[in-house]
> 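I have a structure I would like to understand better, so I am pasting it below and will then ask my questions one at a time.
All values reported here derive from a predicted model rather than from experimental measurement.
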Amino acid sequence: MHRIEYWRNKLAISQSELARRAGISQSYISKLEKGTKIPSLPMLYKIAAAMEACPKDLLSCVLNCPNCKSSCRKCNTKKPKIKKALDRG
């Protein structure tokens, strides 16, 4: 889920600021960026809204892992669960 980190850095905001905007903890943002947590869809929408981004932008790397470079290894282990959640609607 390092796409969150990518967009957060693009906005030049800290994890703490993103957490404040989204109404969640900074440690949760950190875990998402490290790939140790997977957000629920409602949480993903909350984070996307806090960054004024499309939720799809935060998942694009995860959904396209077969085309990613080796630096995207974190996503490969998370892909099935996220894709499954999206398929459920």
> Which distance, rounded to the nearest 0.5 Å, do you find between the NZ of Lys10 and the CG of Asp57?
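Atom-to-atom, Lys10:NZ and Asp57:CG are 8.5 Å apart.
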
> Do you know the tightest heavy-atom contact between Ile13 and Arg8?
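Residues Ile13 and Arg8, closest heavy atoms: O-NH1, 3.0 Å.
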
> With hydrophobic residues grouped by side-chain heavy-atom distances under 4.5 Å, do Tyr45 and Ile24 end up in a single group?
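No, Tyr45 and Ile24 fall in different hydrophobic clusters.
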
> CZ of Arg3 to CG of Leu58: how many Å apart, nearest 0.5 Å?
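One finds 8.5 Å between CZ of Arg3 and CG of Leu58.
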
> Out of curiosity, Ser25 OG to Ile29 CD1, how far, rounded to the nearest 0.5 Å?
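If we round to the nearest 0.5 Å, Ser25:OG and Ile29:CD1 are 7.5 Å apart.
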
> Work out which heavy atom in Ala22 is nearest to a heavy atom in Ile47; give both atom names and the distance.
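For Ala22 and Ile47, the tightest heavy-atom pair comes out as CB-CA, 4.3 Å.
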
> Check for a donor-acceptor pair, side chain of Ser16 on one end and backbone N or O of Gln26 on the other, with a separation under 3.5 Å.
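Side chain of Ser16 to backbone of Gln26: no pair is present.
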
> How long is the span from the CD atom in Glu5 to the CD atom in Glu33, to the nearest 0.5 Å?
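The CD atom of Glu5 sits 4.5 Å away from the CD atom of Glu33.
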
> Around Tyr28, counting heavy atoms of other residues, nucleotides and ligands shown, do more than 12 lie under 6.0 Å from its OH?
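Atom OH in Tyr28 is crowded, with more than 12 foreign heavy atoms closer than 6.0 Å.
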
> Report the distance from atom CG of Asn9 to atom CG of Leu18, rounding to the nearest 0.5 Å.
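Rounded to the nearest 0.5 Å, the CG-CG separation comes out at 10.5 Å.
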
> Would you say Met51 and Ile4 make side-chain contact, with heavy atoms under 4.5 Å?
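Answer yes - side chains close enough.
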
